[in-house]
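A short worksheet on the structure shown next.
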Amino acid sequence: KRVKSYLDYGAFTPIQAAAEEILFRGYLLQATAAVTRSRVAILAVNAALFAAVHGINPEALANPLPALFGFAMWGGGLAWIALRDRGLELVVGAHVANNLVSFAVAGYLRLPFDARGDHYEPLVHYASSIAILLILAAIVALRPRRD
């Protein structure tokens, strides 16, 4: 029996990332914005919900505080990008890129079914996530704002 690699499951990453972005940066972000106009509150709620849902990921179970902090940072950053850009295209692409980089760097072998949380390196994950967020922030800042 052939062992499947993460490349065998790579086709599912865009679907999973797009679904999360539609839920978090689409529906939940808009629902929060209907309750408050405070950007800080909108970003905080989105970041907290995103981190909470990812609390069952292998890396969060193995190393809860750093992983949840990373998920909250990532969720808040993508929420800011979505608000600033007024769309989901960039955040979906960023989410796909981040997951593929994280899978490769963190040493996941047969995603998404047996991710090895014991190999989670928070600093490496933060560095790749922050780099992707900074690239997106530059893209959003340099292109004309959508109305």
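Under the 4.5 Å side-chain criterion, counting only non-hydrogen atoms from C-beta, E20 is not in contact with V53. Considering only heavy atoms from C-beta on, W74 comes within 4.5 Å of I132 through its side chain.
The side chain to side chain contact (heavy atoms under 4.5 Å, CB included) search around I81 returns L90, V91, L136, A137, V140, not counting sequence neighbours. Taking the salt bridge (charged side-chain N to carboxylate O under 4.0 Å, His left out) definition, one finds that E21 meets it with R25, sequence neighbours left out. Every residue two or more places apart in sequence or in another chain that forms a side chain to side chain contact (heavy atoms under 4.5 Å, CB included) with A18 is listed here: V92. The side chain to side chain donor-acceptor pair (under 3.5 Å) check on Q30 picks up nothing, with sequence neighbours excluded. With sequence neighbours left out, L28 forms a side chain to side chain contact (heavy atoms under 4.5 Å, CB included) with L23, F24, N46, L49. Residues satisfying the side chain to side chain contact (heavy atoms under 4.5 Å, CB included) criterion with I42, sequence neighbours excluded, are L29, T32, A33, T36, L83.
In this structure, A47 and G76 approach most closely via the heavy-atom pair CB-N, 3.6 Å. The two residues P14 and V96 have their closest heavy-atom pair at CA-CG2, 3.5 Å. Of all non-hydrogen atoms in A141 and R84, the two that sit nearest each other are CA-NH2, 4.4 Å. The two residues G26 and L88 come nearest to each other via the heavy atoms N-CD2, 4.1 Å. Listed here is the closest heavy atom pair of L133 and G77: CD2-C, 3.8 Å. Listed here is the closest heavy atom pair of A60 and G55: CB-O, 3.5 Å.
To the nearest 0.5 angstrom, L68 atom CG is 11.5 Å from F50 atom CZ. Once rounded to the nearest 0.5 Å, the distance linking CD of Q16 with CG of N99 reads 5.0 Å.
Note on I22: it clusters hydrophobically with L78, by side-chain heavy-atom contacts below 4.5 Å among ILVMFWY residues. W80 and L142 fall into different hydrophobic clusters, where Ile, Leu, Val, Met, Phe, Trp and Tyr side chains are chained together by heavy-atom contacts under 4.5 Å.
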